[in-house]
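Accompanying notes for the structure given below.
Below, chain A is the first sequence line, B the second, and so on; all start at residue 1.
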Amino acid sequence: MIDIKRLRDSPDEFKAAAARRAPDIIPQLDAILELDHQRRALVQKVEALKADRNEASEEVARRKKAGEDAAELLTRLKTLSGEIKEQDPKLRETEGNLKQQILRIPNTPLEDVPEGDPTANRELRTWGDRPSFSFDPKPHWELGERLGVLDLPRGAKIAGSGFPVYIGQGSKLIRSLINFMLDIHTTEHGYREMWPPALVNESSALATGQLPDLENNMYVTGDGLYLIPTAEVPVTNFHRDEVLSGDELPFGYAAYSPCFRREAGAHGKDTRGIIRIHQFDKVELVRYCTPDTSTDQLELLLDHAETVLQRLNLPYRVIVLATGDIGFSSAKTYDLEVWASGLGTWLEVSSASVFTDFQARRANIRYRPTPHSKPVFVHTLNASALALPRTIIALLENNQLEDGSVRIPEPLVPYMGVDRLTSHGG
RNA sequence: GGACAGGUGGCCGAGUGGUCGAAGGCGCGCGCCUGGAGAGCGCGUAGGCGGUAUCCCCGUCUCGUGGGUUCGAAUCCCACCCUGUCCGCCA
């Protein structure tokens, strides 16, 4: 949620920042300013009436206590109360409209975010060498099927397309990767582990910014709960409506969760194999920090995500997203894209974002800089570290041998118990 | 899912229609005391919004949430949410 006071106090500055991401947003901001103006006028009107009412009401109490007559005062109060009941709903309606509109305004990007549509995304650096092959490297769906670790047709039979089944060593690879990633983040990067609910209520989805804009991309249950598209939602909401003490910041959680995405409107794009699916697994990092440290925290977070790719020896590149490509709640986002040899393309496996106080406002997460100072909003950040399917794609495709078997990267061997995936490996 | 009991400030806990934003306690902050610490004593300790204004003041709202009754609601009524206990069901 944007800071209405910032918009009100320096509208030109705010509009310029917001327009870097969405040039057509100015009329919406003007509408908000107008509504805010109306709202404040109404507040003053209604509160003046209430002040009169409260004063007269106290006088009634005093007179009754003293055994005096208050009939004449009561008639005056009756008309006053009637007037309040007429004006108050107007105020509430205006406030409701204003809130609705504010909730639809995306976060303003940081100054150093390149401006433009996705073609303005910038590659910052690459890590590792893309493997070379003496044969034609195969795509993961062929490898997975031949190895007997991935069964897409049966997944489609059970649930539908986009719900893969991992079997045998494939299933073991999933839990090995989850443990591997969580172990790194908890023992080396200082994260506290969390196992959150996979369903959340409306307030939670609203707080992290999935609602109202991404409503169509989430599965909804008949009970009005949402299947989480990322652990970011439950983990960030863990501290919703709380005041944290300043000296515990910064801190972070590492959480594994299944993720569910309808991918509505993504027809025909990256549909083969497990590139884009409806249910997948992910280890997510969420950090809370003070406003002055959040840009440094983003670099730290990115580093934590990169560590996983480096340990797995998967070549990747770091992209800074342009203003037109960052998510609704984000102020700045880095994507990590891993190289997939069989597909011959880069795949996004992680997205690291700083949300400044945007989510904290929606979720009402604050902290006290000192024991008696007023609470202020924290800054929140998160990064995938990593999303599993595309990590698996890269693992299979980059480490494949000519006979169709796949080498397991050394750090993963203790988790897998084998150093090769073979078609007779079970 | 059913029955009953509850949801009050950072925490515990009083308060059943009128100076109640809320007694008391704990915690926390500042000070006194002390060689130092503790104990003890004193003072201070919610947030949102609006106005005004550089941190003073004024108004308003908030006692789970949303409605209602009333001149006036923490207190009465309705709905919903949540927690506890028992029953049912179940991994």
Next item on the list: Taking all non-hydrogen atoms of both residues into account, name the closest pair between A:T323 and A:R20 and its distance.
Entry: OG1-O, 2.7 Å

Checklist line | Same-atom distance (P) from B:C4 to B:C11, integer angstrom | finding: 30 Å

Check: How many Å lie between NZ on A:K50 and C1' on B:C61, as a whole number?
Finding: 7 Å

Item checked: A:S353 side-chain N/O to A:F355 backbone N/O, donor-acceptor pair under 3.5 Å -> no

Notebook entry, point to check: Does the side chain of A:R366 get closer than 4.0 angstrom to OP1 or OP2 of B:G48 through an N or O atom?
Noted result: yes

Notebook entry, point to check: Is any side-chain N or O of A:R39 closer than 4.0 Å to OP1 or OP2 of B:G50?
Noted result: yes

Notebook entry, point to check: Does a side-chain N or O from A:S81 land closer than 4.0 Å to OP1 or OP2 of B:U70, or not?
Noted result: no

Next item on the list: Examine B:C49: is either OP1 or OP2 under 4.0 Å from a nitrogen or oxygen in the side chain of A:K5? Give yes or no.
Entry: yes

Next item on the list: Report the nucleotide, chosen from B:G18, B:G59, B:C61, that has the shortest atom-to-atom distance to any side-chain atom of A:N54.
Entry: B:C61

Item checked: B:A73 versus B:C20 - spacing of their P atoms, nearest Å -> 15 Å

Check: B:C71, B:G72, B:U60: which one has an atom nearest the side-chain heavy atoms of A:V60?
Finding: B:C71

Next item on the list: May I have the distance from A:R240 (atom CZ) to B:C82 (atom P), rounded to whole angstrom?
Entry: 13 Å

Check: Counting side-chain heavy atoms from CB outward, which of B:U70, B:U60, B:A46 is closest to A:R368?
Finding: B:A46

Notebook entry, point to check: B:C26 and B:A79: how far apart are their C1' atoms, nearest whole angstrom?
Noted result: 36 Å

Item checked: Any donor-acceptor N or O pair under 3.5 Å, side chains A:S204, A:N201 -> yes

Notebook entry, point to check: Looking at A:K78, does any N or O in its side chain come under 4.0 Å of the phosphate oxygens OP1/OP2 on B:C71?
Noted result: yes

Checklist line | B:G42 versus B:G47 - spacing of their P atoms, nearest Å | finding: 25 Å

Item checked: Atom-to-atom span, CG of A:D88 to P of B:G66 - whole angstrom -> 13 Å

Check: Which whole number of Å gives the distance between the C1' atom of B:G44 and that of B:C82?
Finding: 34 Å

Item checked: Whole-Å C1' distance, B:G24 and B:U45 -> 16 Å

Next item on the list: Kindly say whether A:F377 contributes a backbone atom to a donor-acceptor pair with the side chain of A:D357 at under 3.5 angstrom?
Entry: no

Notebook entry, point to check: In whole Å, what separates the P atom of B:U16 from that of B:G7?
Noted result: 13 Å

Check: Counting side-chain heavy atoms from CB outward, which of B:G47, B:C71, B:G51 is closest to A:L77?
Finding: B:C71

Next item on the list: Classify the side-chain pair A:Q310/A:Y316 by whether it contains a donor and acceptor separated by less than 3.5 Å.
Entry: yes

Note to self: Just the rounded figure in Å: distance from C1' of B:G18 to CD of A:E55.
What the structure shows: 15 Å

Next item on the list: Ignoring backbone atoms, establish whether A:R53 has a side-chain N or O less than 4.0 Å from OP1 or OP2 of B:C61.
Entry: yes

Notebook entry, point to check: With rounding to whole Å, what would you report as the distance between B:U75 and B:U62 at their P atoms?
Noted result: 10 Å

Item checked: First of A:D36 and A:L74 reached from the 5' end of RNA chain B, by closest nucleotide -> A:D36

Note to self: Taking 4.0 Å as the cut-off, does a side-chain nitrogen or oxygen of A:R40 come that near to OP1 or OP2 on B:G51?
What the structure shows: yes

Note to self: Pairing check on B:G29: which nucleotide meets the Watson-Crick or G-U wobble criteria with it, both distances under 3.5 Å?
What the structure shows: B:C43

Item checked: Over 12 foreign heavy atoms within 6.0 Å of CD, A:E188 -> yes

Check: Over how many whole Å does the gap from A:E248 atom CD to B:G10 atom C1' extend?
Finding: 13 Å

Next item on the list: Could you work out which one of B:G47, B:G72, B:G67 sits closest to the side chain of A:R92?
Entry: B:G67

Notebook entry, point to check: Under 4.0 Å between a side-chain N/O of A:R63 and OP1 or OP2 of B:C71, yes or no?
Noted result: no

Notebook entry, point to check: When the distance from CG of A:L42 to P of B:G51 is rounded to whole Å, what number comes out?
Noted result: 13 Å

Checklist line | Test item: A:H278 and A:E263 side chains (from C-beta on) under 4.5 Å apart, heavy atoms | finding: yes

Next item on the list: Return the nearest nucleotide to the side chain of A:S57; candidates are B:G47, B:G50, B:G72.
Entry: B:G72

Note to self: Can you measure A:N364 atom CG to B:U62 atom C1' for me and round it to whole angstrom units?
What the structure shows: 13 Å

